[in-house]
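What follows is one structure encoded as structure tokens, with my remarks underneath.
Predicted model, so just to flag it, every value in this text is computed and none were measured.
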2 protein chains.
Amino acid sequence: MDAVPLLRISRPHRLSEEVGAVLEKHIRSGEFGPGEKLPAEARLAEQFAVSRAVVREAIARLKADGLLESRQGSGVYVAQCLGAGVFRMAAGVRGEAHPIEDIFELRLIIEVAAAERAALRRTPADVEAIEAALARMDEAVALSADGVRADDDFHCAIASASGNPLIGRFVAFVSHEFSASRAPTWSREGIVRGLAGAAQDEHRAVHAAIVAGDPAAARRAARQHLLRAARRLGVVLAAPPGARGEDMDEETS
Amino acid sequence: MDAVPLLRISRPHRLSEEVGAVLEKHIRSGEFGPGEKLPAEARLAEQFAVSRAVVREAIARLKADGLLESRQGSGVYVAQCLGAGVFRMAAGVRGEAHPIEDIFELRLIIEVAAAERAALRRTPADVEAIEAALARMDEAVALSADGVRADDDFHCAIASASGNPLIGRFVAFVSHEFSASRAPTWSREGIVRGLAGAAQDEHRAVHAAIVAGDPAAARRAARQHLLRAARRLGVVLAAPPGARGEDMDEETS
DNA sequence: TTATATTTGTCCGTATGTATA
DNA sequence: CTATACATACGGACAAATATA
């Protein structure tokens with residue numbers, strides 16, 4: 001019976017998010033330069049016509065994003081280096097998403113390198129985790145169940161086996177951004193059409209190379225898996241590097 | 001005149017940060033599973049012996065980090081995928097920093113690939129930006145001034161020339177985390193000792209390869225620059241991949 | 001469908017510790 | 001040292017959305 005909530009233009013849902021978005025815009029546009037002091041919370045509150053609690057929550061988010069710093073008794077200041085220490089897929093909170101090709105290329109770069117290093121440094125525990133994910137995907141294929149989660153875990157386990165926690169965490173980060181697009185492979189139709197089975201064959205090749213401790217084979221297997229996964233998804237990678245065999249890295253210094 | 005506030009949680013500086021750190025620990029340890037509902041704000045407030053505003057600010061930070069979601073009238077819930085969309089160098093706010101070797105290895109992986117793609121896809125504007133940074137570093141060497149910023153910009157310009165905005169933004173992110181450790185090269189002693197000059201020679205090699213459109217040469221030059229930069233900093237990379245020439249990527253399918 | 005309780009979102013007022021002039 | 005400005009923290013209160021009976 002209430003009137004339609006159309007008139008709340010600047011109020012999608014969260015007031016603090018609105019304030020935060022406006023402040024972020026002002027900061028990124030340089031209106032508030034690095035190191036510069038923001039107006040007092042009370043000032044901002046009356047300027048935005050909201051309470052100080054709302055302003056404080058907006059500031060809390062921007063502090064978490066590394067855009068602001070607050071010093072008690074002094075004020076709130078813009079960070080010298082915006083967003084240091086934080087990397088977001090979508091630049092702004094409401095930023096546009098990156099095209100799937102770009103995400104895929106980044107995955108290719110980092111995961112191929114991760115597989116190579118996993119072949120060199122894997123521990124028995126790493127191999128165990130990789131094989132556990134592999135087994136769960138086998139189950140998923142047999143039962144026509146969802147194997148996206150296990151697929152994610154497989155790639156993350158390999159990255160973790162690289163021995164570099166940063167690589168492990170970054171692959172986990174990128175992998176999740178990608179997992180939605182990986183769903184078709186594990187849909188019932190995907191499994192019936194043999195997409196999941198093909199992916200499993202490629203997974204096994206990567207696993208074998210890592211267990212064998214062959215970094216070159218691990219690179220090839222990981223690369224082939226990702227390229228074929230791209231084809232299964234209909235993703236065309238711009239100017240596939242290495243296509244003409246120029247992906248050699250080192251001439252022994 | 002009041003009694004000492006000993007019974008509170010440890011109170012180094014920010015109360016909301018303390019609460020946020022404790023909550024984050026509980027979430028990441030799985031004590032609060034994905035999708036699970038947290039106790040009400042009022043409940044948490046009395047449990048931590050703080051006001052609700054403090055709890056709300058802590059929750060605001062965790063929401064910004066993608067660990068929590070709040071629904072008005074319902075409650076606060078743990079995100080299904082923790083930290084989706086956000087990558088931090090230091091996992092928690094109080095998390096330990098990653099060793100310089102790990103950061104360096106990730107840089108090596110991503111920047112070598114970026115240089116290769118820059119050689120394939122660079123635009124005239126990209127080349128302009130790269131050369132501008134190069135010129136500013138020349139100035140810095142001549143004047144014994146600080147060239148860290150220009151050095152940062154050089155690497156970021158190359159990554160941007162890769163044509164993949166994701167790579168550009170990620171290199172900018174990693175590069176900044178690293179720039180502090182790069183300072184010695186551009187200190188007055190570093191310049192006098194010729195460290196900066198050596199780095200410039202390597203920079204020029206990368207630039208030449210990119211301008212020439214030679215991806216393999218770009219890879220080699222970028223790799224050599226980063227490896228030598230590591231040696232200048234005294235960083236030893238564990239099991240340098242490609243040292244035995246096994247970094248080939250593709251056998252043309 | 002209606003009514004009620006719960007919970008988050010928002011606002012106000014106040015007190016305290018800190019930094020700065 | 002004093003005074004002012006400010007962030008931090010506390011408590012109470014109501015509105016709005018949700019969940020439940």
N/O donor-acceptor pairs under 3.5 Å from side chains in residues 137-144 of chain B, not counting sequence neighbours:
residue: Asp138(B); atom: OD1; partner: Gln200(B); partner atom: NE2; Å: 2.8
residue: Asp138(B); atom: OD1; partner: Arg204(B); partner atom: NH1; Å: 3.4
residue: Asp138(B); atom: OD2; partner: Arg204(B); partner atom: NH1; Å: 3.3

Item to check | Sub-4.0 Å heavy-atom contacts from residues 33-44 of chain B onto DNA chain C, ordered by number | outcome: Ala40(B), Glu41(B), Arg43(B)
Checklist entry - What integer distance in Å separates Leu15(B):CG from dG17(C):P? => result 14 Å
Item to check | Nucleotide dC11(C), atom C1' - distance to CZ of Phe48(A) in whole Å | outcome: 17 Å
Checklist entry - Could you state the CD-P distance from Glu18(A) to dG9(C), rounded to the nearest angstrom? => result 14 Å
Checklist entry - Is there a side-chain polar atom (N or O) of Arg14(B) under 4.0 Å from OP1 or OP2 of dT8(D)? => result yes
Item to check | Length of the CD-P vector between Glu69(A) and dC6(D), whole Å | outcome: 19 Å
Checklist entry - How would you label the contact of Arg56(B) with the nucleic acid (heavy atoms, under 4.0 Å): base, sugar-phosphate, or nothing? => result base
Checklist entry - Counting only heavy atoms not in Arg149(A), do more than 12 sit closer than 6.0 Å to its CZ atom? => result no
Next on the checklist: With side chain to side chain donor-acceptor pair (under 3.5 Å) as the rule and sequence neighbours excluded, what pairs involving residues 41-50 of chain B come up?
Outcome noted: Glu41(B)-Arg52(B), Glu41(B)-Arg56(B)
Next on the checklist: Between the opening five pairs and the closing five pairs of the helix from dT2(C)-dA21(D) to dA21(C)-dT2(D), how far apart are the helix axes, to 10°?
Outcome noted: 10°
Checklist outcome for this item: Ranking dT10(C), dG17(C), dT18(D) by distance to the side chain of Ser16(A), first place goes to dT10(C)
Item to check | Audit row: Leu68(A), Val78(A), side-chain contact (heavy atoms from CB on, under 4.5 Å) steps and yes/no | outcome: CA-CA 5 Å; Leu68(A) 293 178; Val78(A) 179; 4.1 Å; yes
Next on the checklist: Expressed as a whole number of angstroms, how long is the span from Gln72(A):CD to dA7(D):P?
Outcome noted: 10 Å
Checklist entry - Touch check for Arg52(A), heavy atoms < 4.0 angstrom, all strands: base, sugar-phosphate only, or nothing? => result base
Item to check | Residues which pass ring pair (Phe, Tyr, Trp, His ring centres under 6.0 Å) with Phe48(A), listed by chain and number, not counting sequence neighbours | outcome: none
Next on the checklist: I want to check something: taking the side chain as every heavy atom from C-beta on, are Leu166(B) and Phe87(A) in contact at a cut-off of under 4.5 Å?
Outcome noted: yes
Checklist entry - Would you say dG9(C) has OP1 or OP2 under 4.0 Å from some side-chain N or O of Ser70(B)? => result yes
Checklist outcome for this item: Of all heavy-atom pairs linking Arg88(A) and Ala64(B), the shortest is NH2-O, 3.1 Å
Next on the checklist: Is it the case that the side chain of Asp102(B) and the backbone of Asn164(A) share a donor-acceptor pair, with hydrogens and angles ignored and the cut-off at 3.5 Å?
Outcome noted: no
Checklist entry - Can you list every ring-ring contact (aromatic ring centres under 6.0 Å, His included) pair that touches residues 129-161 of chain A, not counting sequence neighbours? => result Phe154(A)-His203(A), His155(A)-His203(A), His155(A)-His225(A)
Checklist entry - Starting at CD1 of Ile59(B) and ending at C1' of dT7(C), how long is that distance when rounded to a whole Å? => result 11 Å
Checklist entry - Does Ser51(B) have a side-chain nitrogen or oxygen under 4.0 Å from the phosphate oxygens OP1 or OP2 of dC10(D)? => result yes
Checklist outcome for this item: From the candidates dA7(D), dC10(D), dT8(D), the one with an atom nearest any side-chain atom of Val54(B) is dC10(D)
Checklist entry - When the distance from CD of Glu57(B) to P of dG9(C) is rounded to whole Å, what number comes out? => result 13 Å
